[in-house]
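Data block below; observations after.
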Amino acid sequence: VLSPLDEYIDKAEEGYLAVDRNGKMHAGMFPRMNPLHPVYQEKMIGMFREICRQFGASPAFLGIQLHVVFESSFWMGSIDWGYDDFTISLFEKDTGIKLPSFSGDSRYKQRHDWLTNEKKNEWISWRCRKLYEFYKRLAEVLSSTRKDLKLVIGLRYLAEGSTFLPHWEQIGHSMKTLYRNAGIDM
């Protein structure tokens, strides 16, 4: 999955790496790949196919779990991520909602502010739908190998003493809202 990283590391507009509202492409120590980008999705699907090829016949193989923590690239991470040119263009194409023409390094924050103030429900719902479609494709790889194989989305965000925990409690968000903002509608 990381193989094209060098190709995209300085190209935020390409969208392979997710970009946060401040123009940052790292979550913690690692770059955050954009789970909505087709190159990332095809690489993940290829990995799933290879795992199924190697282990699909084993009765000990029951499926694959995606370990979803803040830094992982299996989801958007929070409402602060997903403001790269590619993702915004895809959102506009899929929804017909056109953002104002923001440019320069401030465009990420401007997009975040506009979307979370003007079209928050549409933005969050679209992100959830796109991630669901991706997870469905991954699950189909498993079920085409063996009908009993499962895709498990292991939600471990904030379960391990995150410093973000007090923040979401203070602003009155539920875990359901937090996950939905990050692209997982429970």
Side-chain angles (χ1 to χ4, degrees), residues 1-9 12 14-22 24-56 61-84 86-88 90-91 94 108 112 115 123-145 149-165 168 173-186:
V1 175
L2 295 175
S3 60
L5 193 55
D6 290 341
E7 179 183 340
Y8 291 101
I9 198 70
E14 300 282 332
Y16 183 74
L17 296 177
V19 177
D20 77 357
R21 68 181 179 172
N22 298 312
K24 185 176 78 167
M25 293 183 282
H26 284 73
M29 295 175 21
F30 306 102
R32 179 187 294 279
M33 272 66 79
N34 183 349
L36 307 184
H37 197 280
V39 171
Y40 174 81
Q41 289 189 5
E42 290 308 313
K43 287 193 172 290
M44 287 295 296
I45 288 168
M47 287 174 46
F48 269 52
R49 285 188 181 124
E50 180 58 20
I51 291 168
C52 287
R53 186 190 67 73
Q54 289 188 29
F55 304 107
F61 180 59
L62 302 175
I64 297 175
Q65 175 176 324
L66 300 179
H67 184 74
V68 177
V69 296
F70 176 73
E71 295 87 359
S72 76
S73 294
F74 303 129
W75 68 333
M76 300 308 285
S78 78
I79 192 69
D80 292 337
W81 287 88
Y83 299 96
D84 55 90
F86 171 82
T87 301
I88 295 301
L90 187 61
F91 171 76
D94 287 353
Y108 309 111
H112 169 273
L115 284 164
W123 174 237
I124 291 171
S125 294
W126 175 81
R127 289 159 46 112
C128 290
R129 186 176 69 256
K130 295 305 277 187
L131 271 178
Y132 170 81
E133 291 167 0
F134 175 46
Y135 294 157
K136 183 177 177 187
R137 291 178 66 203
L138 294 174
E140 287 168 353
V141 171
L142 294 169
S143 66
S144 70
T145 300
L149 295 180
K150 302 290 183 213
L151 172 64
V152 176
I153 309 298
L155 302 175
R156 297 185 51 103
Y157 187 54
L158 301 178
E160 296 158 356
S162 170
T163 57
F164 187 64
L165 186 59
W168 72 266
H173 281 173
S174 68
M175 288 300 286
K176 182 177 181 174
T177 299
L178 191 72
Y179 283 120
R180 191 166 190 282
N181 285 350
I184 297 177
D185 199 354
M186 304 187 331

| message | Would you call the rings of Phe91 and Trp123 parallel, tilted or perpendicular, taking 30° and 60° as the class edges? | response | perpendicular

| said: Suppose we screen for side-chain contact (heavy atoms from CB on, under 4.5 Å). Which residues come up paired with Arg180, at least two apart in sequence or across chains? | reply: Asn121, Ile124, Ser125, Cys128, Asp185

| request: Tell me, please, which residues at least two apart from Arg137 pass salt bridge (charged side-chain N to carboxylate O under 4.0 Å, His left out). | output: Glu42

| Smallest separation among heavy atoms of Gln65 and Gly154, with atom names | NE2-CA, 3.7 Å

| message | Taking side-chain contact (heavy atoms from CB on, under 4.5 Å) as the definition, give me every residue that meets it alongside Phe55, ordered by chain and number, with sequence neighbours left out. | response | Ile51, Phe61

| field | Pair Met76-Asn181, side-chain contact (heavy atoms from CB on, under 4.5 Å): steps then yes or no | value | CA-CA 8 Å; Met76 300 308 285; Asn181 285 350; over 6 Å; no

| message | Within this structure, what is the CG-CH2 distance for the pair Leu36 and Trp75, rounded to the nearest 0.5 Å? | response | 13.5 Å

| request: Of all the heavy-atom pairs spanning Cys52 and Thr145, show the shortest one and how long it is. | output: CB-OG1, 3.2 Å

| Ser143 side, atom OG; Lys136 side, atom NZ - distance, nearest 0.5 Å | 10.0 Å

| message | Checking the side chain of Tyr135 only, and the main-chain atoms of Ile153 only, is there a donor and an acceptor separated by less than 3.5 Å? | response | no

| request: Could you tell me whether the side chain of Val19 reaches within less than 4.5 Å of the side chain of Lys24, counting heavy atoms only? | output: no

| said: Would you compute the distance between atom CG of Leu115 and atom CD1 of Ile88 and round it to the nearest 0.5 angstrom? | reply: 5.0 Å

| Value rounded to 0.5 Å, distance of CG in Leu149 from CD1 in Ile64 | 8.0 Å

| message | Can you tell me which residue among Val39, Thr87, Leu17, Leu90 is in a side-chain contact (heavy atoms from CB on, under 4.5 Å) with Asn34? | response | Thr87

| Sub-4.5 Å side-chain heavy-atom contact between Leu66 and Leu138 | yes

| said: Does any part of the side chain of Phe48, heavy atoms only, come nearer than 4.5 Å to the side chain of Leu142, both counted from C-beta? | reply: yes

| message | Quick check: closest heavy atoms across Tyr108 and Asp20, and the distance to 0.1 Å? | response | CB-O, 3.5 Å

| field | For Glu50, salt bridge (charged side-chain N to carboxylate O under 4.0 Å, His left out) partners two or more places apart | value | Arg53

| query | In chain order, what residues pass the side-chain hydrogen bond (donor to acceptor under 3.5 Å, both in side chains) check against Asp94, with sequence neighbours excluded? | reply | Trp126, Lys130

| field | Side-chain touch Phe86/Pro38, heavy atoms, less than 4.5 angstrom | value | yes

| task | Grab the two heavy atoms, one from Ser73 and one from Pro35, that are nearest each other, plus how far apart they are. | result | O-CB, 3.4 Å

| said: Students often mix this up, so state it plainly: with edges at 30° and 60°, are the rings of Tyr83 and His112 parallel, tilted or perpendicular? | reply: perpendicular

